[in-house]
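Structure first, commentary second.
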Amino acid sequence: MMAPAVLVADPYFPRLKSLVIETTGMAFYADKDEDLARIVAARMAETGLMPCARYLEVIADPVLGRDEMDALVAELTIGETYFFRHKEQFDALRDIILPNVLERNQHVRRLRIWSAGCATGPEPYSLAIMLKRDFGARIAGWHVSIIATDINQKFLARARDGRYDEWAFRATPDDVRRECFEQVGKQWAIRPEYKNCVSFQYHNLIKNRFPSLIDNIAGLDIIICRNVVIYFSRETVEGLVPCFRETLVDGGWLVMGHAEPNMELFRDFHTVNTPGAVLYQRVDTPRPICAPLPPYAPLPKPNLRRPAPPPLRPPAPVPKAPPVVKPDPVGLNRVRDLADQGRWAEALAGCDALIAANALDSRSHFYRALVLEQQGDVEGCETSLRRAIYLDRHFVLPHYHLGLFLWRRNDVLGAQRSFRNVLALLERLPEDHALDDGDAITVGQLRETVGMHLDLIGAP
Ligand SMILES: C[S@@+](CC[C@H](N)C(=O)[O-])C[C@H]1O[C@@H](n2cnc3c(N)ncnc32)[C@H](O)[C@@H]1O
């Protein structure tokens, strides 16, 4: 393997370093050339991609180099984590944040939490355990989701597996471990009842825009992002903080790591100091924060002609078929904005207005499905997804979301069918083509994600 010092002296090394920092945000490596070079040299030896210029050429290719970039990121990121890490913050969650959010959401009976930079999963699972043990009776029948994301695919795979060594429990009381985990050999596996409400997905805080309805990262009650941005530059964090704020509902809470208390960055939040923790709350409306949102301003009526139903398979020839009119994009953009702000009722009303103007527009039904899902309307979500597919069988994203939906309901065959439909629809599209309505997700990325889902489900 090449000596790190040799790699550092390579004229292409500075460009490689910039690419890594630009992709991951990890400015931490800006003054750690030797550490970065050691990791990159190991990857170069493993893959045979040499010299530095060749390796750089590969990882810079967003399509062909994606797997190698993922493999490199898996080595570069630091996944130190354990259950109930930093007790003071979990105390604050239990005593201040959760009671506040549960009271505010008691009528909608819904709770949405995002663990950003979840590593191998102890953080989101600790939240799930706390919710069930301390608030179980209060949230029985609620629609609870904990969305856990990370840039490191290897960590995500381990998180989904949910098995941990003794060391991950160094801050967990024994009775909690015995109650919530099952011993499997030398490891402990989280029990399904604490696992169900947690879903893991890839998300790069630097490259994937948020809030994003499509990524299910919008309208959150709580965001917990601890020990992640400490590796980023101040400018990067300055850019992220307003995005976190926008991703919260009015009254929602942000919990950052206790080592990153630069309160100046969070000046747009209301700050709450508790023993050993600083909490940030988004407060838009004057107190009480449970006050109803401002009344829904009706969307401008889209100026659309009502088209005749499009045929599912275009019969040949189509005599004088009226053109299928695309919906007013401003209307759907507005729906997305509302949904990204977690203003679900208004977003739903927006979808309904668009559907009233053009019942045959598959995109309006698709967005309606996503909004209904956030509202916990399972049946409505499924109906709208199927309607979107019925109206446009070539629209990929509803197939994908239907797959996720059926998978969550343990309809394995249905989920496999939907995911295979996605792969079939993507077959002839170029890898780097960005999908309509996919928040810049490319064909290649969706293909990879669906492939991973099929592997996990156990498809042949
Ligand atoms: C030290 S761990 C923190 C785990 C957990 N939040 C905790 O405090 O116990 C940092 C995590 O941030 C993730 N990470 C680093 N850069 C990221 C990025 N650009 N987008 C998303 N996650 C990132 C790493 O992969 C790693 O899993």
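Counting starts at 1 for both ligands and their atoms, following the listed order. For clarity, every value in this text was computed on a predicted model and none was experimentally measured.
- Near ligand 1, T24, T77, I78, E80, T81, R85, G117, A119, E123, D150, I151, N152, F155, H203, N204, L205, I206, R226, N227, V228, F232 each place a heavy atom less than 4.0 angstrom from the ligand.
- The ring-ring contact (aromatic ring centres under 6.0 Å, His included) check on Y194 picks up nothing, with sequence neighbours excluded.
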**OP:** Applying side chain to side chain contact (heavy atoms under 4.5 Å, CB included), run through L93 and W253 and close with a yes or a no.
**Re:** CA-CA 10 Å; L93 277 156; W253 296 83; over 6 Å; no
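- For F90, the ring-ring contact (aromatic ring centres under 6.0 Å, His included) test picks out F84, with sequence neighbours left out.
- With a 6.0 Å cutoff to the six-membered ring centre and a 45° limit on the axis angle, R177 counts as a cation-pi contact of F169.
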Under 3.5 Å donor-acceptor pairs involving side-chain atoms of residues 182-189, not counting sequence neighbours:
from, atom 1, to, atom 2, distance (Å)
Q183, NE2, G185, O, 3.4
Q187, NE2, D165, OD1, 2.9

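- Note that K32 lies in the cation-pi zone of F28, set by a 6.0 Å cut-off to the ring centre and a 45° limit from the axis.
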